[in-house]
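Letters go in sequence order (proteins before strands), and every chain restarts at 1.
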There are 2 protein chains.
Amino acid sequence: MPLMPAKPEYPHDHAQCSSDALAEAQRICARRGVRLTETRQKVLELIWGDHAAVKAYDLLEQLSGPGRAVRPPTIYRALDFLLENGLIHRIESLNAYVGCPQPGGQHSSQFLICDACSIVIELTGTDVVHAVADEAASHGFEITRQTIEVHGLCGPCAARHAEEAPVP
Amino acid sequence: MPLMPAKPEYPHDHAQCSSDALAEAQRICARRGVRLTETRQKVLELIWGDHAAVKAYDLLEQLSGPGRAVRPPTIYRALDFLLENGLIHRIESLNAYVGCPQPGGQHSSQFLICDACSIVIELTGTDVVHAVADEAASHGFEITRQTIEVHGLCGPCAARHAEEAPVP
DNA sequence: TTTTGTAATGTTATATTATCACACTTACGT
DNA sequence: ACGTAAGTGTGATAATATAACATTACAAAA
């Protein structure tokens with residue numbers, strides 16, 4: 001049974017959410033003495049268009065216009081900058097990028113990814129991080145980077161799905 | 001400081017390890033009534049060449065010979081088969097594939113990946129899985145697939161690294 | 001044993017994701 | 001204004017993966 005695609009449902013004032021993220025990004029870049037140039041900011045805005053992960057070549061299309069053909073390096077440079085400065089995350093299992101809601105600091109990445117509506121929810125709990133750290137330590141392993149990506153159905157999509165295929 | 005690449009260190013009888021994996025794969029396929037054809041078996045053998053993850057196009061080169069030019073679909077079909085039957089895993093953060101040491105059953109994927117020697121260690125503990133499941137449940141999220149990929153340095157590489165760059 | 005249907009493979013082309021190399025421009029401190 | 005480093009433009013290409021359709025091999029039925 002194929003998943004029904006849908007728009008991410010996340011009841012909140014997204015215009016606010018997005019502009020907060022942009023403002024915070026500006027603060028962070030100012031504090032760090034790095035430049036949030038027009039291209040970088042534009043890419044960040046596009047990524048914050050909603051709470052789904054965005055593909056590099058979609059950004060490319062969106063940035064390109066009638067008079068302006070943006071090339072891949074432009075996008076990837078902007079993405080690299082945003083990644084380095086902790087403003088976005090890369091979702092490995094999707095080859096896509098999503099805004100970071102707690103930008104600035106290094107923090108481990110744990111995501112719930114809805115395969116129906118594509119929403120990406122970033123987790124902030126420490127239990128998982130600790131459990132992983134313990135396991136790693138027991139193997140004498142020194143962690144530099146954790147990637148935790150959990151696929152499935154978000155609450156609203158799970159509900160919709162159950163409705164469409166009710167269990168007898 | 002760049003990581004020193006190295007061969008994966010994993011003191012064991014790898015010939016045995018590898019041939020056990022192959023034999024187990026044959027048992028599993030027989031039980032399931034699916035065919036471990038020559039190409040599929042060859043790919044599985046190559047993946048079990050050591051405990052590092054292998055790239056699809058490296059398999060392609062290794063399978064190709066003077067008289068035989070193997071094309072991408074051949075490899076990807078074999079990889080799909082092996083993935084579907086739980087004989088290998090895909091490491092998303094590397095776009096690469098690794099043998100599964102507990103093949104057959106569905107199980108969550110948790111890997112320690114050494115960025116120096118490329119060894120991939122599959123974890124089997126349940127703490128992490130439970131911690132993730134709890135977090136997901138608290139968001140009303142229904143999990144279908146977990147990907148946990150932890151990058152860093154394995155024990156031997158961490159030791160070697162510390163030796164090369166001693167802390168005063 | 002031949003037939004026949006399905007699974008598997010071969011083959012060509014192309015899609016998708018990402019990087020390299022080098023030229024040019026802009027911002028910024030001096 | 002000048003020099004420098006950071007940022008961007010541009011063309012080419014690398015690396016990863018899939019689509020579409022033809023052909024072959026296998027195993028069970030007739």
Side-chain angles (χ1 to χ4, degrees), chain A residues 2 25-26 29-30 32-44 46-47 52-85 87-98 118 147 149, chain B residues 2 25-26 28-44 46-47 52-85 87-98 118 147 149:
Chain A
Q26 281 163 347
C29 290
R32 294 187 166 206
V34 296
R35 291 167 52 206
L36 188 59
T37 60
E38 195 183 332
T39 302
R40 292 166 175 175
Q41 171 150 349
K42 197 76 204 303
V43 168
L44 186 57
L46 289 171
I47 288 177
V54 184
K55 306 222 135 211
Y57 276 70
D58 289 343
L59 292 169
L60 215 117
E61 279 188 20
Q62 293 179 264
L63 272 192
S64 294
R68 185 176 145 85
V70 172
R71 313 301 179 81
T74 301
I75 297 295
Y76 284 104
R77 285 165 180 156
L79 291 172
D80 286 346
F81 172 88
L82 297 170
L83 286 167
E84 274 165 17
N85 289 283
L87 303 173
I88 63 172
H89 294 289
R90 176 178 159 83
I91 307 294
E92 303 285 356
S93 54
L94 298 177
N95 295 335
Y97 305 82
V98 71
S118 303
T147 306
E149 299 182 4
Chain B
Q26 280 163 348
I28 288 166
C29 290
R31 195 185 318 136
R32 295 186 166 206
V34 296
R35 291 167 52 207
L36 188 59
T37 60
E38 197 185 330
T39 302
R40 291 165 176 176
Q41 173 151 347
K42 197 74 205 303
V43 168
L44 187 56
L46 289 171
I47 288 177
V54 184
K55 307 223 135 209
Y57 276 69
D58 289 344
L59 293 169
L60 208 97
E61 279 188 20
Q62 293 180 263
L63 272 192
S64 295
R68 185 177 146 84
V70 172
R71 314 301 180 80
T74 301
I75 298 294
Y76 284 104
R77 284 167 182 155
L79 291 171
D80 285 347
F81 172 88
L82 297 170
L83 287 167
E84 274 165 18
N85 289 283
L87 303 173
I88 63 171
H89 295 288
R90 177 180 159 82
I91 307 293
E92 303 284 355
S93 54
L94 297 178
N95 296 334
Y97 305 82
V98 72
S118 303
T147 305
E149 300 183 5

Exercise for the section: Starting from P on C:dT9, measure out to CD1 on B:I75 and report it in whole angstrom. Expected result: 11 Å

Exercise for the section: Can you tell me the distance, in whole Å, between the CG atom of A:L82 and the P atom of D:dG7? Expected result: 12 Å

Practice task
Check whether any side-chain nitrogen or oxygen of B:K55 sits under 4.0 Å from OP1 or OP2 of D:dT16, and answer yes or no.
Solution key: yes

Practice task
Would you kindly give the OH-to-C1' distance between A:Y97 and C:dT17, to the nearest whole Å?
Solution key: 8 Å

Handout entry: Shortest side-chain distance from B:T39, nucleotide among D:dA17, C:dA18, C:dT9
Key = C:dT9

Practice task
Would you mind reading off the distance between A:R35 atom CZ and C:dT26 atom P, rounded to a whole angstrom?
Solution key: 12 Å

Exercise for the section: Measure the CG-CD1 distance between B:D58 and B:I47 for me, rounded to the nearest 0.5 Å. Expected result: 11.0 Å

Exercise for the section: May I have the distance from B:Y57 (atom OH) to C:dT16 (atom P), rounded to whole angstrom? Expected result: 14 Å

Practice task
Round to the nearest Å and state the distance from A:L36 atom CG to D:dG7 atom P.
Solution key: 11 Å

Practice task
Tell me which of B:P73 and B:R40 sits closer to the 5' end of DNA chain C, going by the nucleotide each one is nearest to.
Solution key: B:R40

Exercise for the section: Remember a base hit wins even if backbone is also touched, and classify B:F81 as base, sugar-phosphate or nothing at under 4.0 Å, heavy atoms. Expected result: nothing

Exercise for the section: Kindly compute the distance separating CD1 (A:I75) from CD (A:Q62), expressed to the nearest 0.5 Å. Expected result: 9.0 Å

Exercise for the section: Whole angstrom is fine here: how far is it from CG in A:N95 over to C1' in C:dA18? Expected result: 10 Å

Exercise for the section: Pick base, sugar-phosphate or nothing for B:R77, based on heavy-atom distances below 4.0 Å to the nucleic acid. Expected result: base

Fill in the blank from the handout: Quick note, A:R90 side chain, CB onward, closest among C:dA18, D:dT16, C:dT17 is C:dA18

Handout entry: Gap between atoms CZ and P, on B:R71 and D:dT16 respectively (whole Å)
Key = 19 Å

